[in-house]
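Everything on this sheet refers to the single structure shown next.
What's counted below: heavy atoms across the whole structure, side chains too, no hydrogens, waters or symmetry copies. A, B, ... follow the sequence lines: proteins, then strands. Residue 1 opens every chain. Because the structure is predicted, anything quoted here is derived from the model rather than measured.
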Number of protein chains: 2
Amino acid sequence: MTSPETRDTYHHGNLKNALVAAGLEILETEGLPALTLRAIAARVGVSHTAPKNHFGSLRGLLTAIAAEGFRRHAAFMREGLGAAPDRPARLRAAMEGYVRFATTHPHLFGMMFSPIHCDFEDPALVAAAGESFAVLAGISEGLDWDKGTGPDALLKTEMMLWSMVHGYAVLTMSGQMAGATGQDDLPGIAEIMPGFGYRPAPA
Amino acid sequence: MTSPETRDTYHHGNLKNALVAAGLEILETEGLPALTLRAIAARVGVSHTAPKNHFGSLRGLLTAIAAEGFRRHAAFMREGLGAAPDRPARLRAAMEGYVRFATTHPHLFGMMFSPIHCDFEDPALVAAAGESFAVLAGISEGLDWDKGTGPDALLKTEMMLWSMVHGYAVLTMSGQMAGATGQDDLPGIAEIMPGFGYRPAPA
DNA sequence: GGGCTTATCTTTCCAACGTAAATATTTCCG
DNA sequence: CGGAAATATTTACGTTGGAAAGATAAGCCC
């Protein structure tokens, strides 16, 4: 996917996308500390100052990479939704997709939620993150729990689900959950989520 | 608390503690990106290579700072416990202490859970983090929910509470929760936690 | 199709960073 | 008192992101 180390034309032609793709590759193979401006540019075959024209700074490039990460993240969450027979199963599938993305792409996932690396004010990133959040919002409606009917019911439900699954993903992935509990084999996200039911579907 | 910029003796005398204290100060005033080896050393008044004798590397020093962070984190969680009249109130107090620490010391909190900066294998860090986890463990016992009695009941309860409160803290603090929901004024941790009750105290 | 404008990329340079190695100073302890 | 160990400094090095200036290509208008 990424262009080779050399090229015949002075202009790359598709540098913006190539840089994002190269960054994703580096994240997968070498991790976050190796994700330097110079390394990304070298992989595409351009000078280390070339990205500045498209992204302004390293932070800008990382933000674009994170945005692509959120799109894939949303795709992971949506993956099991089709096969789910009912709403509780959909809830479970989305949560497990969330965690599966984190464990499959740990470095990318870590960067996507790091204020040091990403600019959460960036409109493109906000939009991409909203794509993931929308999946959560979709399964939040009608969830039956003690705050599922009052004021801000939907907002509270979304926040509760997001907080739980995100905390689980972060803490297990970093090894802190294993370290603090002393357990190697930890329960999955479905095993630590209260068994929420759903109120009858609206109409 | 920290030594002044100059000193009369060749040996500092208490460099190890002074470096940790200086690091904490920098985190409060200038944030995580400013927490460099050279900046910490300069604040204490030693050369930027002096910390190596005590901590090995920058990562080692940051790990020690994080450990002190976890001790203070545990103190925040314990703070409201005494005044709580019953067990549900204790649960709420601990959760709110967790979040209050994160909002009061955002940069320190962020570093404490960053595998890039800290070495989660370090015994001192594991011990300090365990101190925080112990507070959670203390309020997990007897919590009444659908997984509160089966196998690994206590472990699952601890993991559920920790995941929820940690996810909430991270996502609200980074601004992502506000960004994705479009809400400025978000519900507190107590408002998005299921209203757990407790089974009768054991004897 | 000639010429101006703009976008894109390179080259060069710089300050700041973490770390290594060699050296200086102090303390500890026999 | 004296050598060993601990502690801190000096110097140097390779790497990083970014700024500045110049080179090259593309777009576009007449």
Side-chain angles (χ1 to χ4, degrees), chain A residues 2-23 26-27 30-66 107 111 114-119 122, chain B residues 2-23 26-27 30-66 107 111 114-119 122:
Chain A
T2 308
S3 298
E5 292 174 9
T6 60
R7 65 185 200 281
D8 43 356
T9 58
Y10 187 89
H11 277 21
H12 182 280
N14 194 21
L15 184 54
K16 199 165 183 175
N17 292 331
L19 287 170
V20 171
I26 292 177
L27 272 177
E30 305 175 57
L32 190 45
L35 194 65
T36 68
L37 199 50
R38 295 173 117 101
I40 302 172
R43 178 173 275 254
V44 176
V46 296
S47 72
H48 80 278
T49 54
K52 179 159 194 170
N53 300 307
H54 301 278
F55 300 102
S57 68
L58 170 64
R59 190 181 174 81
L61 173 50
L62 298 190
T63 301
I65 295 173
H107 301 110
M111 198 198 68
S114 162
I116 304 175
H117 300 91
C118 301
D119 175 17
D122 180 78
Chain B
T2 309
S3 298
E5 292 173 8
T6 60
R7 65 185 200 281
D8 44 356
T9 57
Y10 186 89
H11 278 21
H12 182 282
N14 195 21
L15 184 54
K16 200 164 183 175
N17 291 332
L19 287 171
V20 171
I26 291 177
L27 272 177
E30 304 175 57
L32 189 45
L35 194 64
T36 68
L37 200 51
R38 295 172 119 99
I40 303 173
R43 178 172 276 256
V44 176
V46 297
S47 73
H48 77 280
T49 54
K52 179 161 195 167
N53 299 308
H54 300 277
F55 298 102
S57 68
L58 169 64
R59 190 181 173 80
L61 173 50
L62 298 191
T63 301
I65 295 173
H107 301 109
M111 198 199 68
S114 164
I116 304 174
H117 301 91
C118 300
D119 175 17
D122 181 78

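- Per the geometry, CG belonging to Leu19(A) stands 12 Å off C1' belonging to dC9(C), to the nearest Å.
- Under the 3.5 Å distance criterion, the side-chain polar atoms of Arg43(A) are left unmatched by any main-chain donor or acceptor of Leu19(A).
- Checking Leu35(B) against Arg38(A), the closest nucleotide of DNA chain C that is more toward the 5' end is the one next to Arg38(A).
- Thr36(B) comes within contact range of the sugar-phosphate backbone alone, with a heavy-atom separation under 4.0 Å but no base atom that close.
- For DNA chain C, the residues of residues 50-63 of chain B within the heavy-atom distance limit of 4.0 Å (strictly under) are Lys52(B), Ser57(B), Leu58(B), sorted by number.
- Across all their heavy atoms, Cys118(B) and Met111(B) have their closest contact at SG-O, 3.1 Å.
- With rounding to whole Å, His117(B) atom NE2 is found 13 Å from dG18(C) atom C1'.
- Leu37(A) places its CG atom 16 Å from the C1' atom of dA16(C), with the value rounded to the nearest Å.
- Side chain of His48(B), nearest nucleotide from dT11(D), dT9(D), dG17(D): dT11(D).
- Atom CD1 in Ile116(A) sits roughly 15 Å away from atom P in dC17(C) (whole-Å rounding).
- Among all heavy-atom pairs drawn from Ile116(B) and Arg59(B), the shortest one is O-NH1, 2.9 Å.
- Pairing each heavy atom of His117(A) with each of Thr63(A), the nearest pair is O-OG1, 4.2 Å.
- Interface remark: the Thr49(B) side chain does form a donor-acceptor pair with the dT10(D) base, using a distance-only criterion of under 3.5 Å.
- Among all heavy-atom pairs drawn from Ile40(B) and Leu61(B), the shortest one is CD1-CD2, 3.7 Å.
- The heavy-atom pair separating Phe55(A) from Val20(A) by the smallest distance is CZ-CG2, 4.0 Å.
- Counting to the nearest Å, the P atom of dT7(D) and the CG atom of Asn14(B) are 12 Å from each other.
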